Number of protein chains: 2
Amino acid sequence: MTGSVDQTGAGRGASSAEVRQRLLEIAAHMVREQGAPALSARKLAAAAGTSTMAVYTHFGGMPGLVRAMVAEGFRRLFERVAAVPVTDDPLQDLRNAAAAYRAHAQADPDLYMVMFGSATLGDHRLHREDRIVGLDAFEQIKQFMQRGMAAGALREADPAAVAAQWWTALHGFVMLELTKFIDVVDDAEDTVLWPLMDHLLRSLMVTPGPPEPGVFRQ
Amino acid sequence: MTGSVDQTGAGRGASSAEVRQRLLEIAAHMVREQGAPALSARKLAAAAGTSTMAVYTHFGGMPGLVRAMVAEGFRRLFERVAAVPVTDDPLQDLRNAAAAYRAHAQADPDLYMVMFGSATLGDHRLHREDRIVGLDAFEQIKQFMQRGMAAGALREADPAAVAAQWWTALHGFVMLELTKFIDVVDDAEDTVLWPLMDHLLRSLMVTPGPPEPGVFRQ
DNA sequence: GTCCCATCCATAACGCCGTTATGTTCGGAC
DNA sequence: GTCCGAACATAACGGCGTTATGGATGGGAC
């Protein structure tokens with residue numbers, strides 16, 4: 001039953017891929033505007049002017065639609081971080097990448113929570129293959145670290161390990177910020193995020209800078 | 001039997017507080033064993049041998065039950081971290097506290113995700129008052145930092161800010177670990193968690209230790 | 001041009017969910 | 001004994017994801 005047709009062949013009036021894309025966009029909009037619990041197959045179908053069956057023909061069900069949203073979310077995160085310009089100051093590039101990463105999460109907070117397995121969005125959890133789509137974004141960070149080492153700014157180390165440490169700190173702040181737990185302190189961006197990233201980077205540098213860091217911005 | 005019946009003065013056979021506690025325990029057990037989505041008022045009532053109305057008389061609904069579970073989860077996290085012995089080595093105390101915090105999250109991962117606003121568990125999100133119940137646990141970390149400064153091991157700084165940085169890094173790792181995203185690297189405990197905490201601590205110390213850290217355990 | 005049939009989707013139903021309205025059953029106060 | 005009110009059973013309502021069924025459509029084979 002392997003319908004050869006596949007990518008182009010099927011469909012009528014509005015092509016199959018168009019309906020699929022339309023459903024994804026509307027679903028993302030609903031999550032962004034009204035939060036993850038507001039997304040349902042029925043409301044989505046109503047907003048798209050179709051029936052719930054469209055979700056099943058294109059995504060196999062709500063979990064499939066969520067997986068497609070997650071993949072798209074990671075693709076955009078990757079784009080966003082990849083758009084950070086590469087300068088001759090690898091450390092500043094890392095700071096800019098952190099700012100871009102955080103800005104992306106803030107622009108679509110509920111999608112970020114869905115991407116990282118929280119906010120289960122109904123029932124089904126993410127599978128292994130849903131997680132590896134985030135690898136591109138992680139590779140991006142590894143390359144920043146490798147550039148820092150090649151430029152002699154960072155000590156030689158396993159780029160994956162160092163990138164994971166950087167990502168862990170950043171993800172921790174983003175999550176605490178999105179869930180509002182970071183409000184236990186005032187002015188968290190200047191007292192927590194940038195000092196934390198600065199402390200980490202300084203420990204990774206070959207020649208740690210001045211012990212009292214000027215809080216760097218952006 | 002009822003005996004004292006204490007403050008409420010209500011109830012019959014099994015006292016009101018007993019039923020309430022029983023529902024909480026069974027709900028926590030269901031979340032721990034079968035994940036957050038497996039918890040429902042109907043299944044909980046069936047497991048407790050009562051009707052769904054018990055959830056409403058005692059908690060006002062499922063969101064109220066979730067809030068009670070979150071409060072209990074923070075209370076136990078506080079207990080667990082507070083049980084870390086205070087020695088004359090504040091830095092080692094902080095490492096032990098991190099290990100205890102992580103162990104607590106690993107022992108009940110789904111509850112940890114619910115506590116931190118992820119895994120919305122049905123619908124309702126956490127309110128402000130649900131979040132401040134975590135303040136006790138945060139105060140605990142602040143005290144560790146203050147001890148480190150008083151002992152001359154850590155540089156003088158705002159204990160709240162420093163504690164938040166430490167918490168951010170730790171929470172980030174715990175979340176990435178629970179969602180399995182940290183599997184992008186091998187041996188994450190030794191290549192990410194402890195090096196990250198070590199790098200942060202070393203930047204906070206008055207006299208940074210040897211540049212190449214022996215990876216500390218436990 | 002004609003036929004064929006895979007594809008897409010509308011409709012309706014099933015079982016689950018949280019929640020609510022209503023009635024019943026008690027323990028304790030008087 | 002009488003009464004009150006808290007605690008719970010029962011049943012219903014609307015919404016959810018999902019599935020079964022059938023009708024419409026349009027491209028490919030001939």
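Bear in mind that the values here come from a model prediction, so they are computed numbers and not experimental data. A, B, ... follow the sequence lines: proteins, then strands. Residue 1 opens every chain.
- Residues in residues 70-79 of chain A take part in these side chain to side chain donor-acceptor pair (under 3.5 Å) pairs, two or more places apart or across chains: A:E72-A:R75, A:E72-A:R76, A:R75-A:E79.
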Which nucleotides of nucleotides 10-17 of chain C have their base under 4.0 Å from a protein heavy atom (B), which only their sugar-phosphate (S), and which neither (-), written as one string 5' to 3'? BB-B---B
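- Separation of the A:F74 and A:F116 ring centroids falls under the 6.0 Å cut-off.
- In this structure, B:F59 places its CZ atom 16 Å from C1' of C:dG18, rounding to the nearest Å.
- Here D:dG15 presents its C1' atom at 15 Å from CG of A:L44, a figure rounded to the nearest Å.
- In this structure, the side chain to side chain contact (heavy atoms under 4.5 Å, CB included) partners of B:T87, at least two apart in sequence or on a different chain, are B:D89, B:D93.
- Close to C:dT19, at under 4.0 Å from its OP1 or OP2, lies a side-chain N or O of B:Y56.
- Partners of B:F78 under the ring pair (Phe, Tyr, Trp, His ring centres under 6.0 Å) rule, at least two apart in sequence or in another chain, do not exist in this structure.
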Can you give the donor-acceptor pairs under 3.5 Å from side chains of residues 29-55 of chain B to other protein atoms, not counting sequence neighbours?
unit_1 : atom_1 : unit_2 : atom_2 : d
B:R32  : NH1    : B:D108 : OD2    : 3.0
B:S40  : OG     : B:K43  : N      : 3.1
B:S51  : OG     : B:M53  : N      : 3.2

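- Separating the CZ atom of B:R20 from the P atom of D:dC8 is a distance of 13 Å, rounded to the nearest angstrom.
- OP1 and OP2 of D:dA6 both lie 4.0 Å or more from every side-chain N or O belonging to B:H58.
- For the side chain to side chain donor-acceptor pair (under 3.5 Å) test, no residue two or more places apart in sequence or in another chain qualifies with B:W166.
- For A:L23 and D:dG17, the CG to P distance is 13 Å, given to the nearest whole Å.
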